[in-house]
Student: 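Here you go, one structure.
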2 protein chains.
Amino acid sequence: MGRSPQSSSQTPDQGAARRPSRARGIPEATVARLPLYLRALTALSERSVPTVSSEELAAAAGVNSAKLRKDFSYLGSYGTRGVGYDVEYLVYQISRELGLTQDWPVVIVGIGNLGHALANYGGFASRGFRVAALLDADPNVVGSTAAGLPVRHMDELESIVESQHVSIGVITTPPGAAQQVCDRLVEAGVTSILNFAPTVLTVPDGVDVRKVDLSIELQILAFHEQRKAGEEPDRTESVLDRAPGPVRAAAAKLRRAAGGNGKSRGGAEPTVKDQAEQATKGKSAKGGEGELSAVMPA
Amino acid sequence: MGRSPQSSSQTPDQGAARRPSRARGIPEATVARLPLYLRALTALSERSVPTVSSEELAAAAGVNSAKLRKDFSYLGSYGTRGVGYDVEYLVYQISRELGLTQDWPVVIVGIGNLGHALANYGGFASRGFRVAALLDADPNVVGSTAAGLPVRHMDELESIVESQHVSIGVITTPPGAAQQVCDRLVEAGVTSILNFAPTVLTVPDGVDVRKVDLSIELQILAFHEQRKAGEEPDRTESVLDRAPGPVRAAAAKLRRAAGGNGKSRGGAEPTVKDQAEQATKGKSAKGGEGELSAVMPA
DNA sequence: TAGATTGTTAATCGATTAACAATC
DNA sequence: TAGATTGTTAATCGATTAACAATC
């Protein structure tokens with residue numbers, strides 16, 4: 001069976017998006033928004049709002065109305081011109097489209113803080129996801145309870161997955177254990193994996209992986225944040241000069257040596273490049289993946 | 001100041017993507033992948049690998065090499081033809097591009113299980129993110145410690161954000177409190193928000209919001225999972241018949257009444273629609289956002 | 001020089017958006 | 001009927017990908 005690494009990251013080409021994937025012709029981008037619409041509709045339903053226009057619903061979901069109507073057009077013609085959409089009816093249709101009208105047993109592997117948080121997450125149960133088991137490798141954790149469920153030992157993984165027909169696994173282990181856990185889940189029959197460990201998982205064809213990476217989200221924010229403060233005054237100086245000592249020193253050296261910012265496009269400047277290289281040799285990895293092992297206690 | 005809801009969800013148009021946004025011409029999709037490359041490069045750096053080809057690095061990051069080279073071309077010409085990329089040099093350049101060579105103080109608001117998990121997340125510190133403070137509204141939580149830091153009261157939010165120049169806030173409160181917390185953060189000077197609460201936040205222009213939604217990820221997996229099992233045998237029957245009692249009954253009724261699946265495109269079938277509507281009135285919200293309040297203990 | 005690999009081009013694909021005819 | 005709002009079209013935009021000339 002051919003193995004392919006998943007796409008990872010909160011980006012357009014998440015897991016399933018790699019296959020032809022537009023199952024039944026619904027674009028991946030639309031699928032990713034259906035849960036948003038469902039959430040907004042559920043809130044309206046609780047307030048007993050009978051119908052809603054594309055404009056109102058779009059506002060509640062945080063998208064524009066043209067996009068929403070286009071999205072809904074892939075599902076069918078569920079609205080009424082001049083009136084809008086029936087809230088209950090849409091809740092049902094979207095739930096059905098997403099597969100939420102059936103029960104989805106899931107296992108959570110790695111019961112640290114994050115595993116705990118997920119086990120307690122009410123948003124799962126209310127949408128058809130049922131925690132079939134909590135698993136951990138640590139004997140000190142096994143036997144304790146989280147969210148009213150006993151934490152069971154990894155040894156039971158296969159029997160639980162098989163007997164309860166679990167098709168979705170959630171991995172909240174340290175990164176070092178993630179691939180091995182993934183392999184066991186897949187071998188036992190799991191075909192969808194939600195991965196919180198900061199690792200690229202390799203899975204056979206036919207298995208979907210989605211990745212949630214807390215640190216990546218922050219890094220993307222930092223990228224934009226960086227550009228807000230100075231509004232491009234002279235990035236080389238402003239950014240590097242606020243950097244930690246060694247980097248700042250190297251930056252100064254760079255400027256003295258070449259006046260460039262190491263970002264000049266196409267300009268072949270081996271001198272600049274070599275010096276920046278030297279400058280970073282010392283600090284090198286600066287923390288790196290090693291520290292991530294401490295991220296999510298197994 | 002014009003307020004606009006953020007785009008939310010792990011989809012292409014996350015927060016910042018709404019503005020013209022391609023700060024310095026780097027596409028949003030590329031920015032979202034830079035952290036992946038950085039992680040892979042950091043791992044290589046720790047193994048003291050001096051250079052890497054686009055093919056190797058792409059494999060490690062889980063993307064294809066053409067995409068990687070295209071991404072890097074936006075940053076500059078940092079490789080050497082015939083050789084590849086210098087690992088240390090690239091680590092530095094990408095870190096700089098992402099703004100990780102500077103220190104980013106963040107506050108985490110809402111210290112439940114998830115807040116705890118985030119406070120302990122080693123991936124933050126190793127990338128320049130420093131937890132400036134943990135905040136909570138619950139007097140029983142205030143004063144305890146998490147990840148070695150004291151949990152402080154919400155009342156201190158403004159003074160902390162201002163005195164420590166915090167520009168990034170992480171919201172892990174229950175959904176009901178999120179918008180209010182967001183408003184206070186923004187008012188105090190925060191311009192980037194990472195939102196874990198299942199709510200659409202409204203923020204002024206110039207403020208970026210990224211959203212991480214655990215339940216949405218699972219729903220997307222469920223959508224694809226649903227299509228694997230049966231491979232389109234006759235979805236109306238297979239899906240609805242596995243649904244809970246009331247829904248299944250309604251489905252049967254529907255089939256009897258019209259033989260349609262309620263999904264027929266364009267075909268105006270008021271009878272079918274009305275009956276499906278009736279059928280769902282009873283179960284209605286089925287849990288819904290209310291339960292989500294239990295998600296993340298403040 | 002020969003082999004390897006980058007950086008860029010151009011074609012393709014998918015997603016977004018405004019506008020409006022259809023129709024309730 | 002008049003007003004409102006959907007569902008769809010078509011234009012635009014952005015992202016992906018293969019291929020290859022440039023060049024180490």
Side-chain angles (χ1 to χ4, degrees), chain A residues 7 9 11-14 16-23 25-34 51-59 62-86 89-90 263-270 273-274, chain B residues 7 9 11-14 16-22 25-34 51-59 62-86 89-90 93 263-270 273-274:
Chain A
S7 52
S9 104
T11 23
D13 59 347
Q14 277 260 12
R18 314 208 67 206
R19 298 172 300 144
S21 172
R22 321 175 71 230
I26 301 179
E28 208 48 44
T30 296
V31 172
R33 282 188 293 266
L34 291 182
T51 61
V52 65
S53 70
S54 62
E55 201 66 55
E56 294 164 332
L57 183 55
V63 302
N64 83 39
S65 66
K67 194 187 281 182
L68 176 143
R69 287 198 301 277
K70 184 81 168 137
D71 284 341
F72 285 1
S73 76
Y74 293 112
L75 309 184
S77 295
Y78 293 157
T80 306
R81 289 170 209 243
V83 177
Y85 300 90
D86 180 281
Y89 182 65
L90 248 195
K263 195 170 173 301
S264 52
R265 249 174 234 236
E269 293 164 342
K273 190 178 286 187
D274 290 352
Chain B
S7 52
S9 103
T11 24
D13 59 348
Q14 276 262 11
R18 316 209 65 206
R19 300 172 298 142
S21 172
R22 319 174 73 230
I26 301 179
E28 207 49 44
T30 295
V31 171
R33 281 187 294 265
L34 291 182
T51 61
V52 65
S53 70
S54 62
E55 201 66 56
E56 295 164 331
L57 183 54
V63 303
N64 83 40
S65 65
K67 195 188 283 183
L68 177 143
R69 288 199 300 278
K70 183 82 168 137
D71 283 340
F72 285 1
S73 76
Y74 293 112
L75 309 182
S77 295
Y78 293 155
T80 305
R81 288 169 209 245
V83 177
Y85 300 90
D86 180 280
Y89 183 64
L90 248 196
Q93 291 298 346
K263 194 170 173 303
S264 53
R265 252 174 233 236
E269 294 164 340
K273 189 178 287 188
D274 289 352

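Keep in mind it's a predicted model, so treat the numbers as computed, not measured. Below, chains carry the letters A, B, ... as their sequence lines are ordered, and counting in each starts from 1.
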Student: Check the distance between C/dA15's P and A/E28's CD and give it to me in whole angstrom.
Tutor: 8 Å

Student: Can the ring centres of B/Y89 and B/Y78 be said to be less than 6.0 Å apart?
Tutor: yes

Student: With rounding to the nearest 0.5 angstrom, report the CG to CG distance, B/L90 to B/L34.
Tutor: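 Here the rounded value is 10.0 Å.
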
Student: So which protein N/O to nucleotides 3-5 of chain D N/O distances come out below 3.5 Å?
Tutor:
unit_1, atom_1, unit_2, atom_2, d
D/dT5, O4', A/G82, N, 3.0
D/dT5, O2, A/G82, N, 3.4

Student: Rounded to whole angstroms, how far apart are CZ on A/R33 and C1' on C/dA15?
Tutor: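 In whole Å, C/dA15 C1' lies 8 Å from A/R33 CZ.
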
Student: Would you kindly give the OH-to-P distance between B/Y78 and D/dC24, to the nearest whole Å?
Tutor: 17 Å

Student: Nearest-Å distance, NZ (B/K67) to P (D/dA15)?
Tutor: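 Checked: the NZ to P distance equals 11 Å.
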
Student: I'd like to know if the side chain of B/S53 and the backbone of B/E56 have a donor-acceptor N/O pair within less than 3.5 Å.
Tutor: yes

Student: Specify the separation, in whole Å, of atom CG of A/D71 and atom P of D/dG7.
Tutor: 12 Å

Student: With the side chain of B/P27 defined as its heavy atoms from C-beta on, choose the nearest nucleotide among C/dA15, D/dT17, D/dA15.
Tutor: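 Given the options C/dA15, D/dT17, D/dA15, the side chain of B/P27 is closest to D/dA15.
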
Student: Name all residues meeting the side-chain contact (heavy atoms from CB on, under 4.5 Å) criterion together with A/S54; count only those two or more places apart in sequence or in a different chain, and write none if there are none.
Tutor: A/S65, A/L68, A/R69, A/Y85

Student: Roughly, in whole Å, what's the span from CZ in B/F72 to P in C/dT6?
Tutor: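 To the nearest whole Å, that distance equals 10 Å.
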
Student: Please give me the minimum heavy-atom distance between A/P27 and A/G25, naming the atom from each residue.
Tutor: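 For A/P27 versus A/G25, the nearest heavy atoms are CD-O, 3.4 Å.
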
Student: Look at the side chain of A/S77 and decide which nucleotide, out of D/dT17, D/dG7, C/dT16, has an atom nearest to it.
Tutor: D/dG7

Student: Report the distance from atom NZ of B/K70 to atom C1' of D/dA18, rounded to the nearest whole Å.
Tutor: 13 Å

Student: Return the set of residues passing side-chain hydrogen bond (donor to acceptor under 3.5 Å, both in side chains) with A/T30 (not counting sequence neighbours), or none when no residue passes.
Tutor: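 Expected list: A/D71.
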
Student: Using side-chain contact (heavy atoms from CB on, under 4.5 Å), reason through B/F72 and B/L57 one step at a time and then give a plain yes or no.
Tutor: CA-CA 12 Å; B/F72 285 1; B/L57 183 54; 3.9 Å; yes

Student: According to the Watson-Crick and G-U wobble definition with distances under 3.5 Å, which dot-bracket string, read 5' to 3', encodes DNA chain C, using [ ] for crossing pairs and | for pairs with another strand?
Tutor: ..||||||||||||||||||||||

Student: Separation of B/Y74 atom OH from D/dG14 atom P, in whole Å?
Tutor: 11 Å

Student: Compare all side-chain heavy atoms of B/Q93 with those of B/L75 and state whether any distance is below 4.5 angstrom.
Tutor: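 Not in contact.
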
